Amino acid sequence: MDFLTLIQIFDSTIRLATPLLLACLAGLYSERAGIFDIGLEGKMLMSAFFSAAVAAVTGSVWLGLLAGIASSLLLAGLHGLASITFRGNQLISGVAINFLAAGMTVLIAQDWFQQGGRTPSLFGGARFEPIDWPFAEALSGVPVVGPIYSELLSGHSVLVYIAFLAVPATWWVLYRTRFGLRLRAVGENPAAVDTAGVSVVGLRYAAVAICGVLCGIAGAYLATALQAGFVKDMTAGRGFIALAALIFAKWRPWHAMWACLLFGLLQAVALRFQNIDLGGVVIPVQAMDALPYILTVVILAGFVGKAIPPKAGGEPYVKER
Amino acid sequence: EPALIFDLGGKFDKSFNEAAHNGAQRWANETGGTYREIELQSEAQREQALRRFAEAGANPVITMGFAMADPLSAVAPDYPDTKFVAVDVTWLDAPNVRQIGFAEHEGSYLVGMLAAMASKTGTVGFIGGMDIPLIRHFGCGYAQGAKAVNPDIKIVANMTGTTPAAWNDPVKGSELTKAQISQGADVIYAAAGGTGVGVLQTAADEGILSIGVDSNQNHLHPGKVLTSMLKRVDVAVYDAMKAGENLETGVFTLGLAEDGVGYALDEHNAPLITDEMKAAVDEARQKIIDGELEVVSYYENDSCPALQF
Amino acid sequence: MTVPAIELKGISKSFGPVQANKNISISVAPGTIHGIIGENGAGKSTLMSILYGFYKADAGEIWINGEKTEIPDSQAAIAAGIGMVFQHFKLVENFTVLENIVLGAEDGGLLAPSLAKARKELEDLEEEYELFVDPDKRIDEIGVGMQQRVEILKALYRKAEILILDEPTGVLTPAEADQLFRILHRLKEEGKTIILITHKLREIMEATDTVSVMRRGEMTATVKTSETSPEQLAELMVGRKVLLRVDKAPAKPGKPILEIENLRVTDEAGVERVKGIDLTVRAGEIVGIAGVAGNGQSELLEVLGGMRPATGSIRLNGESLPLSGPGADGQARRARHIAHVPEDRQREGLIMEFHAWENVAFGYHRDPAYQRGIFMDNAALRADTERKIEKFDVRPADAWLAAKNFSGGNQQKIVVAREIERNPDLLLVGQPTRGVDIGAIEFIHKQIVALRDQGKAILLVSVELEEIFSLSDRIAVMFDGHIMGERLPHETDERELGLLMAGVAGEAA
Amino acid sequence: MDKMPKWADVVLIPLISLILAAILSALVILGIGEDPVAAVKLMVSGALGSTYGWGYTLYYATNFVFTGLAVAVAFHARLFNIGGEGQAMLGGLGVAMVCLYVPWPHWSIALLAAMAAAMVFGAAWAAIPAYLQAKRGSHIVITTIMFNFIAAAFLNYMLVNVMRPEGSMDPATERFPEAVHLPTLHELLAPIGISFSKAAPANVSFLVAILACFVVWALIWRTRLGYEIRAYGHSETGALYAGISPVRITIVTMLISGALAGLMAINNVMGEAERLVLNSTEGAGFIGIAVALMGRSHPFGVFLAALLFGFLYQGGAELALWTSIPRELIVVIQALVILFTGALDNMVRMPLEKLFLSLRKGSA
Ligand SMILES: Nc1ncnc2c1ncn2[C@@H]1O[C@H](COP(=O)(O)OP(=O)(O)OP(=O)(O)O)[C@@H](O)[C@H]1O
Ligand SMILES: Nc1ncnc2c1ncn2[C@@H]1O[C@H](COP(=O)(O)OP(=O)(O)OP(=O)(O)O)[C@@H](O)[C@H]1O
Ligand SMILES: [Mg+2]
Ligand SMILES: [Mg+2]
């Protein structure tokens, strides 16, 4: 395998990892605060639709992004209402949100655009364009460093950089700020936060809201940066992979990034080496397709060990029985 | 009143269900008629929809997709007075079923030729949704056409996945496109439903050519889509609805000769198709119609002479 | 007369159909220590949680320093100068001490300056009250005594003038408890007001100025400590006369039941917790193991109960007992007639969500007596439970109640009933009366002694020296995984045991 | 000492929640310009108004009972088995092999063999995640998600490359022989004089599903193993104290769960399709999660929730047949039902509890 192929695989890895990473960090905020969220998929999907729809109508991708985030926030609010205010089952609420998004997006899309549950294709300012770093063109000829700079680092959409900046930002918020301390505490022992005079409900809603914003960005990235429009079910299970990555990362920001990059890499490799010919034996495409999942299990079993979720996770905070 | 049963992909699958929908709409608009329709959600609904429509007096009942063959064989004998239309089914022994098959391999052969002629790198790509025989059938015709133009051509073929999500994952379609581009492909044929949207998009973004499928997708990225392999499901549905209860039953295979399949040429891709290209393709088309040239169907013996899956 | 620091007027509180507090009024003078006693479930914790804004009262008023104060949440309580150390600590286990202390009392959005400031202030507080803790240790790395200091420091860091302590000594060693009371006195001298909930009358008598008694949600009496006696308080609490000392005949030890040789235990983290001990328990005797929590007693008990592997040799009735592998789990131990009252009833001894009758089978669910064909004989189980509930006076006498809905004392009675009624050859008992009211303590002690009198061997682990003294026929002291020495209760005293527990070896053991 | 009479908890709250979901669904239907009253009528009469409707409702419910029970059993041990989908796929493979490759004299023997195969295949697919969870601590949620994907790929390979009859377009096995045809409810009820719709796919598997509910109920609440599963689920330290091996319980529970999910195949593969098709599970494994959660992991609750979902599926099919309501609307209705009856039930319960408490105080 030559160096350029490697660069391309890594480039592909970054693109595939970005939506996972955003969703994974979204889940991290929510679950660190004690609210399990299997509705990442639904929030992403909702945002994918609304960002594309609004971008298509207004011609502005930024308005699209805002709309995507708003729609995702709405679902996050619903999840909060169910699991924080009404102390409902967080898993059920997440399942419901996934269904709701899958249905509503197509219904509304068909109602608005009559294009078979899709949005019109986005052009020009309605799409996030790749950002070329300074001198990317000029440096591309330099050996080794050139391709890394101009192919791998440069030329992604702004949302990719936001996603990767969100990792140190999340780490900083979580471990270096008052909000982060309280957030982690409320996921471990809400009673401690409560008796320390901090509102458990407020904190959890804040966490769920951040989760909504990040899922919103993830969805907008899919529909307006990677693609140029919405197609039904276009998240294709990425919310669940993000959830797996979150557990893989044991709910830590840097680890989350590595986990998402790993998943992205495995997929990129599998996509690139379908039907490779190993001295006459053709590996069936299905085996290649399953490879990322098999490797995930192997890595998980071999190296990762036990993942212990935030202690108060999944349980509503009830003072009075 | 006719009835139309879409396959699980749903009527907006950007593929052949959508073509059926368009044909039905055309009929409705032209004649002012109405029709019933259902988008199946589960396997069990296949038989259910057939029976319900037949019992309600719908005639003809038009079904989409090879998977309807099995339920049709069970239901059709129970309603001898109802005419059924089965698109993509040709092997049933039922007197009241009009079975329509398309020679997709012939159409794919032509677009394969165009791809090979348009390719500067000598590598063309094929992206399928899921690894099922139908998709191999498309890919196989395509490969034969490409090889006919350039025996040394390299054909990169990929499938998107193994779950139903494979038909609706444009992001993966994009990545596969990029992967194929890096392997040298500069024309890529997508037979992957909603995933194909991503293939065409990325091809356009990256400045290579793509080939649409089923309906004419040239307009999606004018000047960037080389052509589309047309499968005139819309015509088949339109004709069936127009014929109504007096529908002729039997097995019909719609190939190049019947204009059931073909390649799309319109203002969006006219600049891309040179006169030599057009001449070469039209010649091949005529030869196939005349039987001078045989395009091997993947179904014949579950293998393809030009491409290994 | 001075204005009371705290005045509660007509406080009522229901949890659904349960009325935990009924029209309670109480007044506490500033600069005093006020005790509150009462049976398990009397409503003490509830009342204090209302004062701290953790629960909201259904009715009633709170007056602080002569001013009517609304306390809708803990924030308001903290603002009113109230601090509370809960019965079950409210600490974040995987945070450091320092992080726990600043949590909720940070200044500014950034953590670093808050932590730096807290670290400094903490040093001052530690100096002032001799409350030393390592600010950088994680809570799950320090013992309960330390954890409690953290709770107190948390309150002091928030400038509490009124400090509520809910059963603070339940988990402390005698030395730690003494230390705590010294601190409380110092706080009192500084003019702070303290409310102390405890089940230990000795502590009430020694530390408090006034004491209130609660029964079934009502405040039944408030008296000056100097004008009352433990016996009177006990009677006020329980409504009948209570024996405050265990009455028992001298032991008649028989043949050795349990013989431990060179037992070594290494925990999950690879630390050796028991470092080669030898111990024998005979039929008809109670051997008490004294020691500061964390010196290997728990591990010893867990090995005997089949909860963790070990090396060395143990014989039961002369036959060896496997120490690891499949024959060494709790089921195998029970098959060998070892019964086990675990140290932590809520995490180990009971399934809190199970009904009482299901818990009565816990560990013995494979007993043939509870089976009918391939099914469990639930009817037999329930009948058995009714019997045990009656015999052990479990209240409420409801076999269908979930374990979590019993008070701590009654939960413990269920566990003790289950284990003692097996009529085991060897009974392992860990902290049998932690957090249990005096009525129940009296009862549980009596049962243990009765079992001994039937000629059974009993190994008791307790951090309560008082309990060790009153129950044991022989006392072994553990320190750092070793047995420092064995003593007979009437030949030793608390001072000597205290020294042994601190690792100061006595004359040849 | 409950806050509310039990009937209110069991009947009133779900009922009010359903009504709320229905009201919201009606608003959505209005929003897309259709008539909600007619839609509800159509759904109810279509799903429950005839033996034909019941036949489909029960057919779907049967699938969901199996996958719901699978999730529920695992839940009792606090294991979140998201792998029902993959396990049911493998169960289908087992059924197909038994039905295709062995000549059976009578359906009843074939059914027993198919059940055994479905359970073994389903359990086998759960075994690796179970082992990894028990021994290596690998989180079962991740591994079961991954195994769903692997199962899909495996089945795709088997159907396209191995089991597909030569020259067939359909990535499916050939039809099972007539001898393994399972009697439908029509065939079962005809001898006792009840005429049940001939067209509907509900079959003898429904009875197996009911039986499975009872077996699971007995297993969980009447056997030692069930006792141990529940105890372990509530408290791992407690289990250790009682001598209940976490490794054993984890593995055994997951095997049972996988076997139940696999068992679904006797309904959809053997009973309905009578051949194995690609994606035959159609997401029933995931619906099982919702069913188990809504049924509070109790077999009876699972049964009711499965019926509810069967109703939604069949009612939705009727809507799709006779109106131009897009099928996504049905997904939305399902979402609202899950949301209100499953996640927002406290929204109804809290005020009701207050009401009952004040009623009680008033009368006391
Ligand atoms: N990949 C990484 N890159 C840089 N720093 C890291 C990385 N992983 C962990 N860290 C450092 O580890 C510290 C704590 O991270 P980690 O997520 O491991 O927390 P923990 O204390 O083990 O558990 P918890 O997060 O639950 O409190 C952070 O302050 C961070 O500096
Ligand atoms: N959060 C709660 N929800 C419902 N009921 C509760 C709650 N907390 C306490 N109770 C009930 O209220 C009553 C009083 O409980 P409380 O904890 O105040 O008793 P206590 O006097 O502190 O007992 P103990 O000595 O065991 O600590 C008990 O019947 C208890 O079961
Ligand atoms: Mg208390
Ligand atoms: Mg207590």
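In this text, all values refer to a predicted model and were calculated from it rather than measured experimentally. Chain letters run A, B, ... following the sequence lines, proteins first, then strands; residues in each count from 1.
The closest side-chain heavy-atom distance from A:Leu91 to D:Phe75 is below 4.5 Å. Side-chain atoms of A:Phe86 and D:Met350, non-hydrogen and from C-beta on, do get closer than 4.5 Å to each other. Counting only heavy atoms from C-beta outward, the side chains of D:Val141 and A:Ile247 approach each other to under 4.5 Å. In this structure, D:Ile333 and A:Phe99 have side chains that are not in contact, with every pair of non-hydrogen atoms separated by 4.5 Å or more. Residues A:Ile241 and D:Met146 are in side-chain contact: their nearest non-hydrogen atoms beyond the backbone lie under 4.5 Å apart. Residues D:Pro326 and A:Leu107 are in side-chain contact: their nearest non-hydrogen atoms beyond the backbone lie under 4.5 Å apart.
For D:Phe147, the part lying under 4.5 angstrom from a heavy atom of chain A is the side chain only. At a 4.5 Å heavy-atom cutoff, D:Val337 makes no contact with chain A through either its backbone or its side chain. Residue A:Ser83: no heavy atom, backbone or side chain, is found under 4.5 Å from chain D. Looking at D:Ile287, only its side chain comes within 4.5 Å of chain A, counting heavy atoms on both sides. In this structure, the portion of D:Ile145 lying under 4.5 Å from any heavy atom of chain A is its side chain and not its backbone. In this structure, chain A has heavy atoms under 4.5 Å from both the backbone and the side chain of D:Met347. For D:Leu339, the parts sitting under 4.5 Å from any heavy atom of chain A are the backbone and the side chain alike. For A:Ser93, the parts lying under 4.5 angstrom from a heavy atom of chain D are both the backbone and the side chain. For A:Leu78, the part lying near chain D is the side chain, with the backbone staying farther off; criterion is any non-hydrogen pair under 4.5 Å. D:Phe340 does not touch chain A: none of its heavy atoms, backbone or side chain, sits under 4.5 Å away.
What you find for D:Val160 and A:Gln286 is that their closest heavy atoms are CB-NE2, 4.5 Å. Closest approach of A:Ile92 and D:Ala343 over heavy atoms only: CG2-N, 3.9 Å.
In this structure, D:Asn346 contributes its side chain and A:Arg87 its backbone to a donor-acceptor pair below 3.5 Å.
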List the steps and the verdict of side chain to side chain contact (heavy atoms under 4.5 Å, CB included) for D:Leu336 and A:Leu100.
CA-CA 7 Å; D:Leu336 291 171; A:Leu100 198 62; 4.2 Å; yes
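Within residues 41-49 of chain A, no residue approaches chain D closer than 4.5 Å by heavy atoms.
Judged as a side chain to side chain donor-acceptor pair (under 3.5 Å), not a single pair has a partner in residues 134-150 of chain D (not counting sequence neighbours).
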